[in-house]
Amino acid sequence: MKEFEEAVARVAEKAGLPLDLARGAVAVPKERDRGDLSLPCFPFAKALGQPPPAVAARVAKAFAPDEWLVSAEAQGPFVNFRVNRKAFTERTLPAAGPESGRSAEGNGKTIVIDYGSPNLAKPLLFHHLRSAVIGQALSNLFRWRGYRVVGLNYLGDVGTALGKLMVGIEASGEPRTIDEYKRTYVEGSRACAADPAKMDRARHWAKRLEEDDPEAIRHWEKARALSLRAFGEVYDRLGVRHDVVDGERMYVRRAQELVDRLLRDGKAEESEGGVVIPTGGETPFLVRKSDGTTLYGTRDIVAAIDRFERFGFERMLYVVDVAQEQHFRQLFASLANVGLDWAGRCEHVAFGQVLVGGSRAKTREGESVELIDVLREGEKRALAVVEEKNAALKDKESVARAVGTAAVIFCDLGFPIRKNIHFDWDEILSFDGRTGPYLQYVHASACSILRKGGGAPAAWDASRLSHDLEWDLVRRIAELPAAVGRAAAECEPSHLSSLLYDLAREFRSYHTAGARDATLRVLTDDAATRAARLKLTDAVRTTLAVGLRLLGIEPLEEM
RNA sequence: GACCCCGUAGCUCAGAUGGAUAGAGCGGCGGUUUCCUAAACCGCAGGUCGUCGGUUCGAAUCCGGCCGGGGUCGCCA
């Protein structure tokens with residue numbers, strides 16, 4: 001909290017150190033029992049011509065207790081301060097409400113987030129999870145910071161994959177259900193792999209679709225409607241929502257027009273039978289193939305322009321696999337090179353890949369697992385645990401579904417997104433340890449205490465929270481706004497998930513300490529202590545709930 | 001070959017702006033349930049932070065070389 005850090009800086013100033021340098025030096029000790037705030041004195045040593053320990057001693061000597069700080073102790077080259085716990089607690093706990101971490105920093109700014117990007121007529125596979133879940137968390141985080149967010153799903157709805165589906169349709173007739181579509185696609189895809197003539201046929205269909213051939217469009221429309229329904233089932237479970245659903249096909253015509261215009265304006269040039277945009281440092285960006293058709297990258301340029309015109313964004317994030325880093329570097333360089341001054345507003349939020357047995361899961365070889373199957377299996381396993389642990393619970397099915405989903409989501413958001421994920425059923429669907437279900441569990445146990453204790457009291461006395469375990473929790477709760485801010489600023493939800501896990505673990509530790517020592521129980525006999533502890537428990541509960549919702553995980557009251 | 005990422009405990013990974021004894025989870029071993037949810041908690045074992053060098057009062061963190069792994073490198077998306 002700002003006031004307390006400022007108080008430390010002012011002590012340093014009193015000792016004759018430069019105020020702005022002191023402000024930047026204030027830190028939180030890594031070992032929390034050393035103190036609440038610290039001042040490493042190395043930066044001042046040179047300016048004052050004194051060794052750091054001497055500076056530290058000098059600062060400690062200049063200290064006098066005030067309403068913010070109660071003690072200062074020089075320990076070697078550091079000065080460690082203890083804050084006025086009562087004052088800090090009285091500010092922290094009331095702030096931990098349902099609006100915790102919210103800010104207005106993004107007011108008036110629009111951010112477009114492109115996440116999901118499934119392909120038509122193909123099921124969502126496990127590795128599609130990442131873009132959707134990370135993108136949704138970023139949407140939530142930026143909305144919480146006051147931005148207007150446009151969550152955009154950009155469908156892969158052109159290209160030879162669609163052609164392969166058509167080949168399947170020609171062989172086995174028009175599919176009626178999603179499962180039939182899936183089978184038809186796989187059949188068509190296999191046929192094309194085995195027979196070059198079929199592959200040509202698929203390319204032919206793809207071209208017809210690009211040329212707005214009515215029959216091709218009719219198939220496309222049906223495939224689109226059914227696919228969206230199938231995607232919707234998965235997205236609903238994951239809490240993934242989009243504001244806009246676009247697709248590549250809407251840009252095919254404009255892509256050709258763009259290439260013509262760029263050629264006329266001298267922004268693009270012919271090369272080896274195709275057309276490229278020079279990108280400076282990067283490899284030239286191919287925007288038209290020698291057969292005259294455009295590529296997805298061409299459509300990406302048109303899409304970016306279209307989105308800028310439609311939404312007037314301050315920033316646009318592409319939440320896409322790290323393997324496409326070079327593509328996006330080329331894309332952004334191309335946007336800049338054709339003279340779009342807002343090119344710098346586009347960013348690639350790159351996440352790691354899903355590995356199966358050490359190497360990348362490939363969609364085409366069918367190595368990956370269907371996402372819906374993972375979610376169903378998670379629900380099944382969670383239901384078995386619920387039956388075992390809490391058979392009397394009502395609504396077991398929906399709890400099990402929430403728990404299974406939480407496990408899957410936390411695999412994506414519990415660690416820095418750039419890390420690869422090793423696919424393993426038991427790892428993905430683990431409910432033990434540092435997992436989504438653990439966070440739900442701790443939240444549920446806090447809810448349980450509050451139910452038994454009659455909820456959070458209106459009046460409470462912060463000085464009753466005198467135990468170190470309680471102080472740890474208060475400090476942790478105070479970190480939420482900064483964690484949310486940093487998660488959004490760095491597009492890194494794990495800054496938030498890490499804090500939630502630390503908070504949950506410390507609360508659980510506190511909770512079980514009450515089992516060994518009855519004087520530490522929240523629901524203790526002394527009314528004033530009980531009220532203060534209930535307030536603390538409620539702040540923990542609320543902080544977990546707010547954080548989990550931002551991650552897209554449902555906080556459960558019972559499980 | 002070029003460019004990008006990565007290398008921390010048996011396994012999977014945390015360690016923002018360089019700072020005081022490098023931390024979790026899983027797995028292993030040993031404890032804890034007449035007590036607010038044991039999906040938990042407490043304890044123990046386990047690390048030359050790939051390697052060599054540099055910058056610095058101080059390096060897992062910054063810079064360079066090397067070794068090892070992954071990714072990408074215009075006519076797929």
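Just so we're on the same page: letters track the sequence lines, and every chain starts at 1. Computed from a prediction, not measured in an experiment: that's the story for all the values here.
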- Query: Within the stacking criterion (centroid distance below 5.5 Å, interplanar angle below 30°), does A:F285 stack on B:G74?
  - Reply: no
So, do A:Y438 and B:A40 meet the stacking rule of ring centres under 5.5 Å and planes under 30°? no
Heavy-atom nearest nucleotide on RNA chain B taken for A:F42 and for A:L286; more 5' hit belongs to A:F42
| message | If you assign A:D432 and A:V79 each to the RNA chain B nucleotide with the nearest heavy atom, which residue ends up on the more 5' nucleotide? | response |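 Counting from the 5' end, the first nearest nucleotide belongs to A:V79.
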At less than 4.0 Å, is any side-chain N or O atom of [X] found next to OP1 or OP2 of [N]? Yes or no.
X      : N     : result
A:K122 : B:A77 : no
A:R508 : B:A38 : yes
A:Y441 : B:A38 : yes
A:R530 : B:C36 : no

Checking A:E492, A:E325, A:E490 against A:R418 for salt bridge (Lys or Arg N to Asp or Glu O under 4.0 Å), the one that qualifies is A:E325
Has the side chain of [X] got a donor or acceptor atom sitting under 3.5 Å from an opposite partner on the base of [N]?
X      : N     : answer
A:S290 : B:C75 : yes
A:T435 : B:G25 : no
A:Q330 : B:G74 : no
A:D157 : B:A77 : no

Taking every heavy atom of A:P43 against every heavy atom of A:L21, the minimum-distance pair comes out as O-CD2, 4.0 Å
From the candidates B:A20, B:C36, B:A24, the one with an atom nearest any side-chain atom of A:S38 is B:A20
Quick note, A:S271 side chain, CB onward, closest among B:U37, B:G74, B:A39 is B:G74
Rounded to whole Å, CG of A:L496 lies from P of B:A16 at a distance of 18 Å
* Asked: Which part of the nucleic acid does A:V386 contact within heavy-atom distance under 4.0 Å: base, sugar-phosphate only, or nothing?
  -> base
Give one of base, sugar-phosphate or nothing for A:H327, where a contact means two heavy atoms less than 4.0 Å apart. nothing
Expected string for nucleotides 5-15 of chain B under the B/S/- scheme (protein heavy atoms, under 4.0 Å, primed atoms plus P, OP1, OP2 as sugar-phosphate) is SSS----SSS-
*Taking only residues two or more places apart in sequence, or in another chain, which ones meet A:A478 in a side chain to side chain contact (heavy atoms under 4.5 Å, CB included)?*
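Checked A:A478 against side chain to side chain contact (heavy atoms under 4.5 Å, CB included); matches are A:M1, A:F88, A:T92.
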Query - Non-hydrogen side-chain atoms of A:I301 and A:F285 separated by less than 4.5 Å - result: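 They are in side-chain contact.
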Expressed in whole Å, how much space separates the C1' atoms belonging to B:U8 and B:C49? 4 Å
With sequence neighbours left out, the residues meeting side chain to side chain donor-acceptor pair (under 3.5 Å) with A:R541 are A:D538
